[in-house]
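To start, the structure itself, in structure tokens.
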There are 2 protein chains.
Amino acid sequence: MAEHPTPIATVDIVLLTLAEGRLQVALAPRVAEPALGQPALPGGYVRTEEDAGLEPAARRVLRDKLGMAPRSLEQLASFGGATRDPRGWSISVAFLSVLNLDELAPGPALRLAPVDALPPLPFDHAEIVAAAVRRLRNKASYSALPAFLLPAQFTLAELHRVYEQVLGARLDPASFRRKIEEQRIIIPVGERRAGAHRPARLFALAPDAAREFDRTI
Amino acid sequence: MAEHPTPIATVDIVLLTLAEGRLQVALAPRVAEPALGQPALPGGYVRTEEDAGLEPAARRVLRDKLGMAPRSLEQLASFGGATRDPRGWSISVAFLSVLNLDELAPGPALRLAPVDALPPLPFDHAEIVAAAVRRLRNKASYSALPAFLLPAQFTLAELHRVYEQVLGARLDPASFRRKIEEQRIIIPVGERRAGAHRPARLFALAPDAAREFDRTI
DNA sequence: TGGTGTTTTGTGCACTTTACAATTAACTAC
DNA sequence: GTAGTTAATTGTAAAGTGCACAAAACACCA
């Protein structure tokens with residue numbers, strides 16, 4: 001068996017949400033030395049004693065450091081190299097979670113930053129965020145991933161607006177409805193009165209919608 | 001700084017090629033202990049002293065162990081866990097390379113296995129191969145990745161056949177031509193006489209076609 | 001109680017894209 | 001020069017998409 005020094009292994013999570021009509025990423029102040037105190041992607045070491053795999057490691061970090069258990073979490077890509085971390089050769093397995101503000105809410109000092117106006121970030125975190133945004137925009141064209149930006153139940157009009165904000169483009173309402181409904185990734189649930197107008201049908205993500213998200217990995 | 005035991009870090013490469021009209025994966029007999037001698041995905045440790053990054057590590061493994069430098073190489077996904085490798089907690093960053101038989105040729109005891117009739121593979125290599133095939137089939141719908149299954153120059157008819165073999169479905173010749181030509185990912189070069197019939201135009205991948213492949217990461 | 005404003009939802013049609021079939025083009029071999 | 005074979009193009013029907021407008025369903029107000 002070869003005896004090489006092994007790289008540092010971490011997981012970092014890109015939490016994307018919609019706030020003030022813009023796509024934003026959640027940043028946490030770093031609690032350990034490289035870049036102590038600076039805002040960065042939440043992350044942590046892979047702990048071989050307690051983590052069963054990479055995604056479980058990411059979920060543990062989210063649970064322990066931020067007290068959250070997001071509905072959506074998928075592997076994004078891995079970033080490794082000799083110089084990306086001053087501690088030495090490191091591998092960061094990056095994850096992407098798409099969520100709505102309520103899922104993010106109560107926790108510690110999470111700060112939001114628009115993905116197109118990031119503050120300076122340590123390591124290669126800016127690159128990781130860019131990859132996450134590309135992934136979300138891509139998947140918007142063939143999956144319901146952007147639906148995680150909304151609460152568990154939502155109207156077609158809300159979903160329509162979210163897709164437009166994610167893609168940064170106008171989408172035809174009629175075509176959008178036709179396409180979404182025939183994809184069968186969302187299912188109707190009840191009714192609702194939106195204050196003062198025609199009530200909109202409520203939808204939820206189909207139980208098996210997650211399967212559709214596997215297309216990239 | 002936390003003091004945790006770090007996982008083993010390796011790279012594994014899925015080499016996909018077309019042989020006997022079927023999509024096949026190249027397997028190398030393992031040269032070290034877990035599963036010594038058994039066919040498996042070519043791979044090796046990440047070497048922090050010599051590798052600058054993850055993709056460079058994969059290229060080094062291919063160069064040193066197989067004497068090859070493939071035209072196509074992209075990160076696939078990472079597979080990690082406590083039980084996938086008997087040596088302990090391990091992370092394998094998997095790469096995908098799509099190539100033609102000539103690129104693969106002279107080397108050592110590489111063996112081909114059809115992706116839909118794999119022999120028993122050690123670790124989670126069967127799962128990694130499955131992910132690679134999904135990725136290639138997916139990208140076939142919007143990129144020229146399958147073109148790497150052909151030599152540097154090829155005809156539209158050859159490309160057409162390759163797409164059909166990759167997707168396992170019939171594609172309309174006329175629509176295929178229109179679509180491929182308007183995507184501008186291949187460019188014409190010369191002429192050629194295919195033995196006994198109307199000569200077909202030769203094409204090559206556009207120099208910047210690689211950019212298009214970034215859509216998944 | 002009926003009209004008005006507003007948002008959701010559905011419909012009709014032009015236009016574009018794709019599927020399918022058939023035709024033309026270009027060569028070799030005999 | 002003709003038959004045979006593959007490459008490439010053209011034409012038409014079907015399917016999908018974009019766009020404008022119409023219908024439906026409420027709250028609110030006179």
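Everything numeric in this text was worked out from a predicted model, so none of it was measured. Sequence lines set the chain letters: A, B, ... in the order given, protein chains first and strands last, and positions in each chain run from 1.
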Please write out each protein N/O paired with an N/O of nucleotides 27-30 of chain D under 3.5 Å, distance rounded to 0.1 Å.
residue : atom : partner   : partner atom : Å
dA27(D) : O4'  : Ala196(A) : O            : 3.1

Exercise. Look at the side chain of Arg201(B) and decide which nucleotide, out of dT9(D), dT8(C), dA26(C), has an atom nearest to it.
Key: dT9(D)
Practice problem: Could you check Glu182(B) against Arg177(B) for salt bridge (Lys or Arg N to Asp or Glu O under 4.0 Å), going step by step and ending with a plain yes or no? | Solution: CA-CA 8 Å; Glu182(B) 86 191 4; Arg177(B) 288 179 129 77; over 6 Å; no
Quiz item: Do Leu15(A) and Pro42(A) touch side chain to side chain, with heavy atoms closer than 4.5 Å?
Solution: yes
Quiz item: Are Phe176(B) and Tyr163(B) close enough that their ring centers fall under 6.0 Å?
Solution: yes
Practice problem: Check the distance between dT17(D)'s P and Glu181(A)'s CD and give it to me in whole angstrom. | Solution: 14 Å
Self-check item: Test: Arg201(B) and Glu181(B) ion pair at under 4.0 Å
Solution: yes
Quiz item: On a plain distance test, is the side chain of Arg198(A) in donor-acceptor contact with the base of dT8(C) below 3.5 Å?
Solution: yes
Quiz item: Within this structure, what is the CG-to-C1' distance between Leu202(A) and dT9(C), rounded to whole angstrom?
Solution: 15 Å
Quiz item: Can you tell me how far P of dT9(C) sits from NE2 of His160(A), to the nearest Å?
Solution: 13 Å
Quiz item: With sequence neighbours left out, which residue pairs that include part of residues 16-29 of chain A fulfil the side chain to side chain donor-acceptor pair (under 3.5 Å) condition?
Solution: Arg22(A)-Asp116(A)
Quiz item: Glu50(B): what forms a side chain to side chain donor-acceptor pair (under 3.5 Å) with it, not counting sequence neighbours?
Solution: Arg47(B)
Quiz prompt | Touch class at under 4.0 angstrom, heavy-atom based, for Arg177(B) against every strand present | solution = base
Exercise. Output every pair passing salt bridge (Lys or Arg N to Asp or Glu O under 4.0 Å) with a member in residues 118-128 of chain A, not counting sequence neighbours, ordered by first then second residue.
Key: Arg84(A)-Asp124(A)
Practice problem: Specify the separation, in whole Å, of atom CD of Gln183(A) and atom P of dG16(D). | Solution: 13 Å
Quiz item: Picking from dT9(C), dA8(D), dA21(C), which would you name as closest to the side chain of Leu156(A)?
Solution: dT9(C)
Self-check item: d(CZ, Phe203(A); P, dT8(C)) in whole Å
Solution: 12 Å
Practice problem: Decide salt bridge (Lys or Arg N to Asp or Glu O under 4.0 Å) for Glu74(B) and Lys139(B); before the verdict, give the C-alpha distance in whole Å, the side-chain angles of both, and the deciding distance to 0.1 Å. | Solution: CA-CA 12 Å; Glu74(B) 65 179 73; Lys139(B) 285 208 165 188; 3.2 Å; yes
Exercise. Provide, to the nearest angstrom, the distance between the CZ atom belonging to Arg161(B) and the P atom belonging to dA8(D).
Key: 11 Å
Quiz prompt | Partner residues of Ser175(B) under the side chain to side chain contact (heavy atoms under 4.5 Å, CB included) criterion, sequence neighbours left out | solution = Asp172(B), Arg178(B)
For nucleotides 16-19 of chain C, tabulate all protein N/O to nucleotide N/O atom pairs closer than 3.5 Å, reporting atom names and distance.
residue : atom : partner   : partner atom : Å
dA19(C) : N7   : Ser175(B) : OG           : 3.4

